[in-house]
Undergrad: 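My structure is below; once you've seen it, I'll send some questions.
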Amino acid sequence: MPIPITLTGLTKTSSSGSAGNTFDGATGTTWQTTTTGKETYSTDGTYARGVYFTIVNAARIYGHWVQVDFSTARAVDSYTVQNHTNLKYSPVDFMLVGSPDGQSWAPIDTRTGTTWSAVSTTQSFTVSAPARWRYLRVIVTRNSGGYYTEVNELTFTELTSAPANSATPPAASFNDARVAMTGVSATASGTETGGAYTPAAAVDGYLQVARGPTGYNTYWASPGQDGNELYYGGIYHGCVYTIIDGQQVYGQWLQLKLSSAVAICQYTLSNGVTPATDPVSFVLAGSNNTSYWSSIDTQTGIVYPSTLSSLTFTVSSPVRWMYLRVVITATASTVAVGCPVQIGELDLVEKLDAPVNLTSPTVAQPVYARVYCKGRPTAQSTHEVLLDSSYLFDGYTNQTGNPVSGYKTYWGSINTSKYEGYLNGGYTKGVYYTVIDGVQVYGQWIQIQLSAAKAISQYTITNVNSLTQSPTSFIMAGSDTGGTYWAAIDARSGLTWSSTFPQ
């Protein structure tokens, strides 16, 4: 005949939270799983990112668990589960498993799609084939959508007439595991101002809208107010780069310092809340010194099905690294308006039996680098008005302009005097000139004072919203005399423009 099992004095443990609260007979106390980090549950209720698992019949079952040690083997033939005071934290999918040693487990009862009509409700479940086990564990693989799980009470009855159990659950070992983010520090090339957009937000375990204690959409966002560091039409034109396999790879980056060197065999990258900011082309790289990096995996043309979604990628040759960096070379933006990049979450799986890494990334010193202009140069020109010279270096090239001021950001030469305008494209009557290589060269000009002397190997000019006002002949010149005498760097004539705002 089934009889209740007295749980007083028995040893109770759990993956997190106070296990004793769910076996104490008091409805005012509860077992509550952790409320922070990757050990929380997703909005669909799944335990998608945590590291806690139980080996059940040689299979790895992920989920938070609570267990009791009966001291002697007992055959449980029924049990009850009581939820707490919020339905979304109630268990939906869970397993009751038993073990002779607390290491390998056998399934006793499995429940999926459990519904709860009210809070503080007790539901009873019957075990179809009772068997004697010393250890009993309840694994919650999915809840009702809360970011943690709560169980008020668990009770058991035993079938005393059940025969002795001679079976031993099959053991298993695995050569991979999810990487716990405890002790991991996250940094980035830059961060958007305001909100929960810091690098740490990409490894906090919260991906969905209004998750966690703060209720924020937690994702990392690269700088969005600096036009020089945005992605235009999905392409990055900024100055941030990483040396990967001896080559400069330009793009904003997110970096993790792990607690120990790990060999990544699989990773999941989640996007943010704005489709145009999705990372569509990127490189995952590893390093042991953060100066030089080796490529781990490269992806191009990635398409996310929706916002706040996740895509998983497999690494073909896992190697151990202490630092990981995701360099985003392109985003999903298809318009000229500048956009940052957003990463909702980065999850890792490591290969446990990977050998120690004895290789070092290729060392290289860059020969060329883009010049970062914003905030450094002193800009002057023949005309300083609303469309002044500083707009040439603000990074915004589109018709809409700076998202903060709303201005069209480009420089315009003086237009209030007929003598200083261009007649049929020629500067025939104006008085402005520059002495270049000892010769007076007439024309409106704009100049920039750099923070240090630079040897320019390449430059890009973007026209404006009028083809007739686009430059067709010009000279790039340099000076070390305070702008008095100049030397020609490059000269162009007869340049044609097919449209407005191209580069």
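For this chain, numbers begin at 1 and follow the sequence in order.
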Undergrad: Taking only residues two or more places apart in sequence, or in another chain, which ones meet T434 in a side-chain hydrogen bond (donor to acceptor under 3.5 Å, both in side chains)?
TA: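 None.
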Undergrad: So, the side chain of D490 versus the backbone of I475: is there a donor-acceptor pair under 3.5 Å, distance only?
TA: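 It does not hold such a pair.
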Undergrad: Please examine the side chains of I264 and L324, heavy atoms only from C-beta on, and report whether any two atoms are closer than 4.5 Å.
TA: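 The answer is yes; the side chains approach within 4.5 Å.
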Undergrad: Looking at side-chain heavy atoms only, is the closest gap between P107 and M95 below 4.5 Å?
TA: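 SC-SC contact between P107 and M95 confirmed.
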Undergrad: With a 3.5 Å cut-off and sequence neighbours excluded, list the donor-acceptor pairs that the side chains of residues 295-303 form with protein atoms.
TA:
unit_1, atom_1, unit_2, atom_2, d
D297, OD2, Y267, OH, 2.5
D297, OD2, Q299, NE2, 2.9

Undergrad: With ring-ring contact (aromatic ring centres under 6.0 Å, His included) as the criterion, how do Y147 and Y41 come out once you've worked through the C-alpha distance, each side chain's angles and the decisive distance to 0.1 Å?
TA: CA-CA 4 Å; Y147 62 97; Y41 291 77; 10.0 Å; no
Undergrad: Applying side-chain contact (heavy atoms from CB on, under 4.5 Å), can you list everything that pairs with S16, at least two apart in sequence or on another chain?
TA: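 In terms of side-chain contact (heavy atoms from CB on, under 4.5 Å), with neighbours along the sequence ignored, S16 is linked to T33, T34, H64.
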Undergrad: Do the side chain of S15 and the main chain of W65 share a donor and acceptor less than 3.5 angstrom apart?
TA: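 Between the backbone of W65 and the side chain of S15 there is a qualifying donor-acceptor contact (under 3.5 Å).
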Undergrad: What is the distance from atom CH2 of W321 to atom OG of S287, rounded to the nearest 0.5 Å?
TA: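 It comes to 7.0 Å.
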Undergrad: Just distance, no hydrogens or angles: give the donor-acceptor pairs under 3.5 Å from side chains in residues 253-261, sequence neighbours left out.
TA:
unit_1, atom_1, unit_2, atom_2, d
Q255, OE1, R325, NE, 3.1
Q255, OE1, R325, NH2, 2.5

Undergrad: Would a 4.5 Å heavy-atom cut-off, applied to side chains only, mark T496 and T472 as touching?
TA: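 No. Closest side-chain heavy atoms not under 4.5 Å.
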Undergrad: Please list, chain by chain and in numerical order, all residues satisfying salt bridge (charged side-chain N to carboxylate O under 4.0 Å, His left out) with R142, sequence neighbours excluded.
TA: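 Testing R142 for salt bridge (charged side-chain N to carboxylate O under 4.0 Å, His left out), a comparison that skips the adjacent residues, returns D93.
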Undergrad: With a 3.5 Å cut-off and no angle check, do the side chains of T277 and Q342 form a donor-acceptor pair?
TA: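 Distance-only check passes for T277 and Q342.
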Undergrad: With sequence neighbours left out, write down each residue that passes side-chain contact (heavy atoms from CB on, under 4.5 Å) with T312, or none if nothing qualifies.
TA: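 T312 satisfies side-chain contact (heavy atoms from CB on, under 4.5 Å) with Q266, T268 once adjacent residues are dropped.
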Undergrad: Please enumerate all residues that pass side-chain hydrogen bond (donor to acceptor under 3.5 Å, both in side chains) together with D176, with sequence neighbours excluded.
TA: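 R60.
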Undergrad: Is the distance between the ring centroids of Y62 and F53 under 6.0 Å?
TA: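 Yes, ring centres under 6.0 Å apart.
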Undergrad: Can you tell me how far the OG atom of S294 sits from the CD1 atom of I243, to the nearest 0.5 Å?
TA: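 If I round to the nearest 0.5 Å, the distance is 12.0 Å.
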Undergrad: CG/N143 to OG1/T149 distance, rounded to the nearest 0.5 angstrom?
TA: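 With rounding to 0.5 Å, CG (N143) is 4.0 Å from OG1 (T149).
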Undergrad: Just so I know, are the side chains of K351 and S317 near enough to count as touching, which here means a heavy-atom distance under 4.5 Å?
TA: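 No, side chains not in contact.
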Undergrad: Closer than 3.5 angstrom, by distance alone: can the side chain of S222 be matched with the main-chain N or O of V341 as a donor-acceptor pair?
TA: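 Yes, S222 side chain to V341 backbone: donor-acceptor pair under 3.5 Å.
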Undergrad: Got more than 12 heavy atoms from elsewhere within 6.0 Å of CG, N175?
TA: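 Yes, the 6.0 Å shell around CG holds more than 12 heavy atoms from other groups.
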Undergrad: With side chains defined as the heavy atoms from C-beta onward, is the minimum distance between V51 and K38 less than 4.5 Å?
TA: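 They are not in contact (no side-chain heavy atoms under 4.5 Å apart), so the answer is no.
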Undergrad: If the condition is ring pair (Phe, Tyr, Trp, His ring centres under 6.0 Å), which residues does Y304 pass it with, not counting sequence neighbours?
TA: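 If we apply the ring pair (Phe, Tyr, Trp, His ring centres under 6.0 Å) test to Y304, skipping adjacent residues, there are no hits.
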Undergrad: Roughly how far, to the nearest 0.5 Å, is CH2 of W220 from OG1 of T198?
TA: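 Taking OG1 in T198 and CH2 in W220, the distance rounds to 11.0 Å.
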Undergrad: Looking at residues at least two apart in the chain, or sitting in another chain, which of them share a side-chain hydrogen bond (donor to acceptor under 3.5 Å, both in side chains) with T54?
TA: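 Listed in chain order: R137.
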Undergrad: Checking the side chain of N463 only, and the main-chain atoms of Q469 only, is there a donor and an acceptor separated by less than 3.5 Å?
TA: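 Flag not set: sc N463 to bb Q469 has no pair under 3.5 Å.
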Undergrad: Give the C-alpha distance, both sets of side-chain angles, the deciding distance and a yes or no for ring-ring contact (aromatic ring centres under 6.0 Å, His included) between Y219 and Y197.
TA: CA-CA 5 Å; Y219 52 85; Y197 309 129; 5.0 Å; yes
Undergrad: Please tell me if the side chains of T40 and Y206 come closer than 4.5 Å, counting only heavy atoms from C-beta onward.
TA: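 Result yes, sub-4.5 Å side-chain heavy-atom pair found.
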Undergrad: Parallel under 30°, tilted from 30 to 60°, perpendicular over 60°: which one fits the rings of F282 and F313?
TA: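 Because their plane-to-plane angle is over 60°, the rings of F282 and F313 count as perpendicular.
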Undergrad: Working to the nearest 0.5 Å, report the span between OG1 of T329 and CD of Q252.
TA: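 Rounded to the nearest 0.5 Å, the OG1-CD separation comes out at 12.0 Å.
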Undergrad: Applying side-chain contact (heavy atoms from CB on, under 4.5 Å), can you list everything that pairs with Y442, at least two apart in sequence or on another chain?
TA: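 For Y442 the side-chain contact (heavy atoms from CB on, under 4.5 Å) partners, ignoring immediate neighbours, are Y427, Y433, Q440.
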Undergrad: How long is the gap from OG on S104 to CG on N57, to the nearest 0.5 Å?
TA: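 Answer rounded to 0.5 Å: 9.5 Å.
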Undergrad: Is there a donor-acceptor contact under 3.5 Å linking the side chains of S473 and S493?
TA: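 No donor-acceptor contact under 3.5 Å links the two side chains.
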Undergrad: Using modelled atom types only, decide if a donor and an acceptor are shared between the side chain of Y232 and the backbone of C339 within a distance under 3.5 Å.
TA: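 Checked: no pair found.
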Undergrad: What verdict does the side-chain contact (heavy atoms from CB on, under 4.5 Å) test give for W105 and Q67, after you've listed the backbone C-alpha separation in whole Å, the side-chain angles of each residue and the deciding distance to 0.1 Å?
TA: CA-CA 12 Å; W105 301 78; Q67 80 176 42; 3.4 Å; yes
Undergrad: Name the orientation class of the two ring planes belonging to Y323 and W293 (parallel below 30°, tilted from 30 to 60°, perpendicular beyond 60°).
TA: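 Y323 and W293: perpendicular rings.
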Undergrad: Does Q447 reach the side chain of W486, with side-chain heavy atoms less than 4.5 Å apart?
TA: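 Q447 reaches W486 side chain to side chain.
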Undergrad: Apply salt bridge (charged side-chain N to carboxylate O under 4.0 Å, His left out) to D437 and list each qualifying residue two or more places apart in sequence or on a separate chain.
TA: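 Counting only residues at least two positions away or on another chain, D437 forms no salt bridge (charged side-chain N to carboxylate O under 4.0 Å, His left out).
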Undergrad: Keeping the roles fixed (side chain from E345, backbone from D204), state whether a donor-acceptor pair exists under 3.5 Å.
TA: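 Flag set: sc E345 to bb D204 pair under 3.5 Å.
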Undergrad: Which residues satisfy the side-chain contact (heavy atoms from CB on, under 4.5 Å) test with Y485, sequence neighbours excluded?
TA: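 Partners of Y485 under the side-chain contact (heavy atoms from CB on, under 4.5 Å) test: V435, T481.
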Undergrad: Are the side chains of S281 and I328 in contact, using a 4.5 Å heavy-atom criterion?
TA: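 No, their side chains stay 4.5 Å or more apart.
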Undergrad: Between E229 and G238, is there a donor-acceptor pair closer than 3.5 Å when you use the side chain of the first and the backbone of the second?
TA: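 No; judged by distance alone, with no hydrogens or angles, the pair does not exist.
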